[in-house]
Amino acid sequence: MDLEEEAYNNNEIIALFKVWLQVLISLIYSYFLVSKLPKGKFRVFSLLPVFYLFTLLPLSLSTPTTSGLTGFFFTWLANFKLLLFSFNLGPLSHDLPTKSFFGFILIAAFPIKIKENGNYPFAPKPEKVARSLWVKFLIYAALVIAGVFCNYNQNVGPNILLGIYSAVLYLNLEVILGFYNKILEYITGVELCEPFDEPYLSTSLQDFWGRRWNLLVSDVLRDTVYFPIRTFWKFYVGKRSAQGVATLGAFIVSGLMHELIFYYLTRASPTWEVTCFFVLHGVCLVMEVGLKRVLGLGDDWAGYWALTGPLTIGFVVWTGFWLFFPQLVRNEVDVRSLEEVKAVGRFLKRSFGWDFSRLSEMLFK
């Protein structure tokens with residue numbers, strides 16, 4: 001690694017340290033000062049500088065991992081949690097650990113949710129972690145190592161490549177959020193909700209988006225978007241129609257937030273493809289729920305999994321190929337991510353003598 005690359009990496013580490021320092025100062029302000037104000041517009045107004053700062057933080061970072069996770073943790077989740085906190089709602093107002101400053105910081109800064117009626121104090125079972133997260137971690141690591149050292153992004157067809165990206169995206173989130181969960185459970189002694197619930201077993205779009213995929217985001221969107229819209233519109237269009245309007249509203253907001261995170265990753269003008277992805281899924285989910293009511297199938301059609309399971313996952317993957325991934329591929333986020341992994345590998349080799357190229361030769365040659 002040359003001096004220019006080393007300086008770049010050092011600057012990124014310093015920038016990341018500054019980001020977390022600004023987050024800590026902002027949350028200290030929120031806990032000790034904003035919490036003393038009356039709920040409602042006074043708190044919202046006092047938090048406007050924090051919302052603005054958290055929106056700008058990812059722009060000070062350069063790599064896909066640091067800018068993407070910062071956008072997800074703070075621009076999206078932390079801002080939405082603080083917005084709920086302005087009205088004494090959400091996890092920052094009601095969950096057990098937030099009675100302390102340390103708990104407030106953990107809940108606000110990290111993508112976690114306390115399990116209702118969970119055990120406290122809670123001790124995670126190591127064997128459960130080994131059976132689930134470690135297997136997924138090994139699969140994820142194998143895919144990443146293959147991408148770095150075998151250049152499958154240049155040697156496989158575009159559809160197969162997008163399929164690999166779909167698996168990597170899921171495993172990346174599952175592994176990162178899952179290990180965060182387990183570490184924080186050990187630190188706090190509080191039982192936390194799992195961030196995913198085996199989304200590849202989904203039997204419908206409602207099952208996929210509402211009960212299995214990225215449940216932390218689903219809960220935040222439900223509290224900040226879905227419930228307020230449904231409450232407002234049910235007086236005008238009725239309860240059932242209001243549910244459909246609220247569902248579409250939640251998917252539109254999700255699309256816009258993804259569009260913002262894609263901007264952090266690509267630094268390119270929005271194409272609105274990813275927003276269209278979520279709007280399309282929102283429309284299809286509303287239609288699906290209506291069809292279930294007409295057929296009298298209740299909330300789900302799990303009994304028809306052999307048919308609905310492949311159709312659901314196939315639709316998610318196909319629309320992802322069409323609308324979700326192209327913007328990332330066009331702007332070479334995948335290439336930059338692999339270069340980032342290579343840089344980490346060079347750092348580990350230089351610092352500890354770990355040579356992952358030899359491991360890749362044993363695994364893939």
Side-chain angles (χ1 to χ4, degrees), residues 12-31 34 43-87 89-92 104-113 169 172-173 176-177 180 195 213-226 228 249-275 277-279 324 327-328 331 333 336-337 340:
E12 188 73 3
I13 293 172
I14 293 172
L16 188 60
F17 174 80
K18 290 180 179 178
V19 163
W20 280 92
L21 181 60
Q22 293 175 82
V23 169
L24 179 60
I25 294 171
S26 299
L27 295 180
I28 290 173
Y29 162 76
S30 301
Y31 182 81
V34 175
R43 284 196 191 178
V44 173
F45 181 78
S46 66
L47 284 171
L48 288 179
V50 177
F51 297 150
Y52 179 72
L53 174 64
F54 282 7
T55 303
L56 294 181
L57 285 178
L59 297 176
S60 63
L61 301 168
S62 303
T63 66
T65 299
T66 55
S67 58
L69 289 180
T70 300
F72 177 55
F73 282 21
F74 306 126
T75 307
W76 192 343
L77 292 183
N79 270 346
F80 279 43
K81 290 176 186 178
L82 288 172
L83 181 61
L84 290 170
F85 174 66
S86 300
F87 300 94
L89 300 171
L92 294 178
F104 184 91
I105 296 294
L106 287 179
I107 297 295
F110 293 97
I112 59 175
K113 181 189 177 184
L169 172 66
N172 180 55
L173 291 172
I176 291 176
L177 299 184
Y180 266 127
W213 178 265
N214 210 341
L215 300 177
L216 303 171
V217 169
S218 297
D219 288 334
V220 167
L221 287 172
R222 193 176 290 116
D223 291 338
T224 56
V225 182
Y226 179 84
F251 273 89
I252 290 171
V253 171
S254 179
L256 294 174
M257 293 307 301
H258 278 86
E259 204 77 59
L260 181 58
I261 291 178
F262 272 37
Y263 176 75
Y264 296 145
L265 294 172
T266 65
R267 307 298 163 91
S269 299
T271 62
W272 308 109
E273 290 165 290
V274 68
T275 301
F277 171 85
F278 284 96
V279 172
F324 192 90
Q327 186 178 358
L328 299 177
N331 292 282
V333 174
R336 291 167 50 212
S337 297
E340 186 180 359

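Hydrogens, waters and symmetry mates play no part in the numbers below; they use all other heavy atoms, side chains included.
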Q: Under a 4.5 Å cut-off applied to non-hydrogen side-chain atoms, are Leu173 and Pro195 in contact?
A: no

Q: Is the closest side-chain heavy-atom distance between Glu273 and Phe262 below 4.5 Å?
A: no

Q: Supply the atom-to-atom distance Leu27 CG to Leu106 CG, rounded to the nearest 0.5 angstrom.
A: 10.5 Å

Q: Taking all atoms of both residues into account, what is the closest heavy-atom pair of Leu265 and Pro64, and its distance?
A: CD2-O, 3.3 Å

Q: Say you draw a straight line from CE of Met257 to CG of Leu260; how long is it, rounded to the nearest 0.5 Å?
A: 5.5 Å

Q: Show the nearest heavy-atom pair for residues Val50 and Leu82, with the distance to one decimal.
A: CG1-CD1, 3.7 Å

Q: Has Gln327 got a side-chain atom pairing as donor or acceptor with Val274's backbone, closer than 3.5 angstrom?
A: no

Q: Measure across Pro228 and Val225 and return the closest heavy-atom pair with its distance rounded to 0.1 Å.
A: CD-O, 3.4 Å

Q: Could you please spell out the steps behind the side-chain contact (heavy atoms from CB on, under 4.5 Å) verdict for Leu92 and Tyr31?
A: CA-CA 10 Å; Leu92 294 178; Tyr31 182 81; over 6 Å; no

Q: For residues Trp76 and Leu221, determine if any side-chain heavy atom of one lies less than 4.5 Å from a side-chain heavy atom of the other.
A: yes

Q: CD1/Ile28 to CD1/Ile105 distance, rounded to the nearest 0.5 angstrom?
A: 6.0 Å

Q: Ring pair (Phe, Tyr, Trp, His ring centres under 6.0 Å) with Tyr180: which residues, sequence neighbours excluded?
A: Phe73, Phe110

Q: Specify the closest pair of heavy atoms between Leu53 and Gln22, including all atoms of both residues, with the distance to one decimal.
A: CD1-OE1, 3.3 Å

Q: Start with the C-alpha distance between Lys113 and Leu215, add both sets of side-chain angles, then the distance that settles side-chain contact (heavy atoms from CB on, under 4.5 Å), and finish with yes or no.
A: CA-CA 9 Å; Lys113 181 189 177 184; Leu215 300 177; over 6 Å; no

Q: Locate the shortest heavy-atom distance separating Leu61 from Glu12; write the atom from each residue and the value.
A: CB-OE2, 3.6 Å

Q: To the nearest 0.5 Å, tell me how far Leu256 CG sits from Ile261 CD1.
A: 11.5 Å

Q: Side-chain contact, heavy-atom cut-off 4.5 Å: Leu57 with Thr75?
A: no

Q: If every non-hydrogen atom of Trp20 is compared with every non-hydrogen atom of Ala109, which pair is closest and at what distance?
A: CZ3-CB, 4.3 Å

Q: Is any side-chain heavy atom of Phe87 less than 4.5 Å from a side-chain heavy atom of Arg43?
A: no

Q: Test Ser60 against every option in Val19, Thr66, Leu16 by the side chain to side chain contact (heavy atoms under 4.5 Å, CB included) rule and name the one that passes.
A: Val19

Q: Could you tell me whether the side chain of Thr275 reaches within less than 4.5 Å of the side chain of Ile252, counting heavy atoms only?
A: no

Q: Closer than 3.5 angstrom, by distance alone: can the side chain of Ser254 be matched with the main-chain N or O of Ala250 as a donor-acceptor pair?
A: no

Q: Should Phe72 and Leu77 be marked as a side-chain contact (heavy atoms from CB on, under 4.5 Å) after you check the CA-CA gap, both sets of side-chain angles, and the distance that decides it?
A: CA-CA 6 Å; Phe72 177 55; Leu77 292 183; 3.7 Å; yes

Q: Side-chain contact, heavy-atom cut-off 4.5 Å: Val279 with Phe251?
A: no

Q: In Å, rounded to the nearest 0.5 Å, how long is the span from OG of Ser86 to NZ of Lys81?
A: 14.5 Å

Q: Can you tell me how far the CG atom of Leu69 sits from the CD1 atom of Ile176, to the nearest 0.5 Å?
A: 5.0 Å

Q: Residues two or more places apart in sequence or in another chain: which of them pass ring pair (Phe, Tyr, Trp, His ring centres under 6.0 Å) with Phe54?
A: Phe74

Q: Report yes or no: does Arg336 contribute a side-chain atom to a donor-acceptor pair with the main-chain N or O of Ser62 at less than 3.5 Å?
A: yes

Q: Report yes if some heavy atom in the side chain of Val253 is under 4.5 Å from a heavy atom in the side chain of Phe80; otherwise report no.
A: yes

Q: Would you find a donor on one side and an acceptor on the other, under 3.5 Å apart, between the side chain of Thr70 and the backbone of Ser67?
A: no

